Amino acid sequence: MATYDAIIIGAGHNGLVTATYLAKAGKKTLVLERRPIVGGIAVTEEISPGFKFSTCAHLAGSFSSGIVADLDLKNHGFELLGLDPLLFAPSLDGNSLLIPRDFYKAAAEIGHYSKFDADKYPAFCALAKNLSAFLQTLYGIALPDKANPRSFNPAELLKIGWKFHRLGEKEMYEFLRVLPMSAADWLNEWFENDLLKATLAASGILGSFVGPRQQGTAFNLLHHQIGASNGALRTSGFVRGGIGQLSQALAKAAQRFGVEIRTGAEVLKIVTNSGSASGIVLQNGEEIDATQVISSADVKRTFLKLVEPTYLGPHFLLQIQNIRARGTVAKVNLALDALPKFKSSNGNDAVALGGVIHIGPTLDYLERACDDAKYGRLSAQPFLEITIPSIADPSLAPTGKHVMSVWMQSAPYDLRGSDWSQQRDTLGDRVVNLIEEYAPGFKNSILHRQILTPFDLETEYSLTEGHFYHGEMALDQIFFMRPVPGWSRYHTPIENLYLCGSGTHPGGGVTGLPGYYAAKEILKNRSRQK
Amino acid sequence: MPNYDAIIIGAGHNGLTSAAYLGKAGKKVLVLERRHVLGGSAVTEEIYPGFKYSVCSYVVSLLRPEVIRDLELPKYDLEIIPLDSTFTPMPDGNYLFRCGDHARTRREIARHSVPDAEAYEEYGQLMVQMAMAVKPLLGMIPPEPTTWNPKDLFGLARVGNHFRGLGEKLLYDLTKLMTMSSADFLDEWFETNVLKATMSASGIIGTFMGPRSPGTAYVLLHHYMGELDGAFRSWGFARGGMGSISRVIAEAARHHGAEIRTQAPVDQVLIKSGRACGVVLASGEEIQSKVVVSGVDPKRTFLKMVDGRHLDAEFTKQVSNFKIRGSSAKVNLALDALPNFTSMPGDGPHLAGAVSISPSLDYIERAYDDAKYGDYSRRPYMDIILPSMLDPSMAPPGKHVMSIFVQYAPYHLKNGTWPEKREALGDAVIETLSEYAPNLKNIILHRQVVTPWDLEQEFGLTEGNIFQGELTLDQLFFLRPVPGWAKYRTPIKNLYMCGACTHPGGGVMAASGRLAALEILKDMKLRLI
């Protein structure tokens, strides 16, 4: 009789989701977290006294509203703040794009640069919304894999077919056509203004190794529409108290259902007996047994560090090693004495900066920023996705001061001819100097600076190669190919060992969906085992 | 009473193939060619006296065996001489050499990396399996994925079943191949940079992508699917140049009663009551037919030759969105002697095969980067053959022709025009190649540079795209050339398409020409015409 029904490795948002659903179904569940706090990369950390940073992920709009409702997260302290404006995209030539929350006002703003684009904007948003909604429907379908090769049961197939046809002929073709396209090609079909196109294309390159001109980025764009987006811009929202509050709310919900959470408890390895997982061993030597072990850590880490390779087979191991998880994102978190004054915001900084801020004024700019990753270089002119959440949520900083969170691409994990400990400050300087170009005087307002290179992300947050999504969201690493072909249903070659992190279907982006679908699958198997 | 059953616009190899098949079925066919030469971009021209250039396309491999068989092409003296090897010289004097002799290739790769030599065998076997798996798709009419029409559903089921029948591993490998970049795909197999670069080069030919661009692994397979006497992946050279292929198909067409007129440019498709009923030549001459078949690309067809009033706005927009960005150029040289490669001095079998300037993945990727931002590659990728080594009739004794395929040369230049930059491109090519063969400049008797603009102006290829439309996933199979119009028919009744812009795409296959003809004959039989 095992001590626990299930042990979950890692208290990231997916791990917590899985734990809660298992506990809700009556399983005695233990979650083990290496760091002193829960949340994985969805954490709020006070890295400078009085200043609270969403140190890694900083936007949470994609988190499944279904899970929020199921687990009553609102009553556990989770509050999503809608962004207003949605986005501010300055450019050095003085033209900037400010996209307000109100849809029609947004079209009017776009109309300042191109009436043609303003006219197309609503139709584009509607299309993107429909396509990503269908994509989300597809995400919920049980995928065929080794254990269930013929599992495309006719009823499921018919359901997909029906939903597909509901799109209408035109959108059916659009779905098939757009899915493998490049974001640039797709946007070039609709719009003429480069700043608008770059702004929309940006969500197609988040976490990507390749730039907006490369195939697969249109899919990534649609993936980032999951949630209540308006169709064109990445679904985004701030969590009151920083994104860590989402994880805190999940932890509270988990505990309400009886989940035990231990922090400061690093798992050293997963114990296997005759090809079946039977528990774990902690760094300190403590052994804890369980009927099932579920890892929310990234897949490479799980199999190459935590599991005894004997039971894995050379082919499976090779596939795991071949998973591409080349981190290209760095974070720069800054405590500020005052709001930056952007040259092109017309003095309206407090209004303009309340949402997402993009430094990435043209498609070529974004493409060049990603080119550098190919050659193992830090981008000369990086793409920046910036948020200053203290405007909407003053609790994050002392009065009049601010926290700024900068997501930067590309900072390739594999630097040629150097390493990240040497380049860390260069990265920080490059980001700060770039913002200074757009907002003169900015540098003088910096009180504190934290730089998280891909190497730091790997060391501190256990992300292999610093990849936030646990593996690239490339066309060959999604759906039934994720994490590796044949193993898309969260189970592994080792019996009673499961996966539930972003490295599984449907991938990263703080959606909670991998954790949810994994729990569903595990519970299904459990009841079948009788 | 219309003069002809079918008029075919353009005597490219696909148009000629359609003509031959229609003629063979007893139809009265007229082919109208704008140029003075037949063949479209599969032509041999004596640009410099005594020297015959395959001006545009220069190698053949994918020519469909069923076309060769159905039209009895060997009867007309079609001879394809296999290109036995690929030689990649490297800047440091080293080289990579791969040839038909497996053992020799293995030893040669082992010289660079022993594990790669092992992997190469296995890789080749996998590619053959995948080529065989995909082959049936080349010869099939794409079913429509959006209808409940039983015939299409059945077609989709057939495709689905075919893939399921491949077995799990092959299906997964195929999925990877269809979606990955050639660099990523090859990275899983090999470690030798020059090997990966040379192999991934075939993944970028004719595309506006680099070896690290997702979607290029697929084109690896496309070029691997060639069959010469049943041997996959053998590329060959047509005796007499690429023009021989066109000549031979034209002879087959004429044998079946087709009429071919050159220097007869078509200006407009004649449309009455919403039906195509003939064409108007640039001269004003009107010729009537039951059916019109366009062998040119969809932009030229629908945006130039068809009056816009007959097309709805949505279709026109989709045609405008069809991606057809040219990225290649040709440099054809008449040489006084053989080039002398530092990596392998003197004459030798390496000059009777292909020479690839692809020393590393970064090299090709940088060449691509130049093009992305609107300029030709300062140090381009090149695929070179010396046809005169295999077919002495191509040049005077002791002299040679050199056919250089160049990437990248983007149709859309950020600064300047192609007529202004043509010679600069030629110079960049010669400069780069001279680094590997220092005697080159001394032996050049004549140089012809064919830019994407020239391909458009002279050979009718919109934006100079050699495949009449990019071979990206969103423009293949039932999405090619326009979603909903993948079966060679068009929104205009009795107007058909038969060029490489239709399934299965480009590469001197003659597949489109044949499939289009079969669909036309089907319609004719059902008296839909």
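Hydrogens, waters and symmetry mates are skipped; everything else that's a heavy atom, side chains included, is used. Because the structure is predicted, anything quoted here is derived from the model rather than measured. We name chains A, B, ... by the order of the sequence lines, and we start the count at 1 in each one.
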K.L.:
Report the C-alpha separation of A/Asp371 and A/Lys374 in whole Å, then their side-chain angles, then the decisive distance to 0.1 Å, and conclude whether the salt bridge (Lys or Arg N to Asp or Glu O under 4.0 Å) test is met.
P.N.:
CA-CA 5 Å; A/Asp371 278 349; A/Lys374 291 186 299 195; 3.3 Å; yes
K.L.:
Specify which of B/Leu473, B/Thr472, B/Asp369 makes the most heavy-atom pairs with chain A at under 4.5 Å.
P.N.:
B/Asp369
K.L.:
Looking at B/Met178, B/Met180, B/Lys176, which makes the most heavy-atom pairs under 4.5 Å with chain A?
P.N.:
B/Met180
K.L.:
Report which part of B/Tyr368 has an atom under 4.5 Å of a heavy atom belonging to chain A: side chain, backbone, both, or neither.
P.N.:
side chain
K.L.:
Tell me, for B/Ser181 versus chain A, whether the close heavy atoms (under 4.5 Å) come from the side chain, the backbone, both or neither.
P.N.:
neither
K.L.:
Side chain, backbone, both or neither: which part of B/Arg325 has an atom under 4.5 Å from a heavy atom of chain A?
P.N.:
side chain
K.L.:
Please determine, among B/Lys317, B/Lys169, B/Gln475, B/Glu314, the option with the most heavy-atom pairs under 4.5 Å with chain A.
P.N.:
B/Glu314
K.L.:
Can you tell which of A/Arg213, A/Glu169, A/Glu174 has the highest number of heavy-atom pairs within less than 4.5 Å of chain B?
P.N.:
A/Arg213
K.L.:
Parallel, tilted or perpendicular for B/Tyr123 and B/Trp189, by the 30°/60° rule?
P.N.:
perpendicular
K.L.:
Sort out for me which of A/Asn188, A/Val178, A/Leu318, A/Asp185 touches chain B most, counting heavy-atom pairs under 4.5 Å.
P.N.:
A/Asp185
K.L.:
Cation-pi between B/Arg212 and A/Phe209: NZ/CZ under 6.0 Å from ring centre and within 45° of the ring axis?
P.N.:
no
K.L.:
Knowing that exactly one of B/Ser213, B/Pro410, B/Ser328 qualifies, which makes a side-chain contact (heavy atoms from CB on, under 4.5 Å) with B/Phe208?
P.N.:
B/Pro410
K.L.:
For the residue pair A/Phe124 and A/Trp186, does the interplanar ring angle fall in the parallel (under 30°), tilted (30 to 60°) or perpendicular (over 60°) class?
P.N.:
tilted
K.L.:
Where on A/Arg177 is there a heavy atom nearer than 4.5 Å to chain B: the side chain, the backbone, both, or neither?
P.N.:
both
K.L.:
Of the backbone (N, CA, C, O) and the side chain (C-beta and beyond), which part of A/Glu367 lies under 4.5 Å from a heavy atom of chain B, both, or neither?
P.N.:
both
K.L.:
Does the salt bridge (Lys or Arg N to Asp or Glu O under 4.0 Å) test come out yes or no for A/Asp119 and A/Lys115, once each step is laid out?
P.N.:
CA-CA 6 Å; A/Asp119 288 342; A/Lys115 178 145 194 322; 3.1 Å; yes
K.L.:
Check whether B/Tyr373 forms a cation-pi arrangement with A/Arg368 (NZ or CZ under 6.0 Å from the six-membered ring centre, at most 45° off the ring normal).
P.N.:
yes
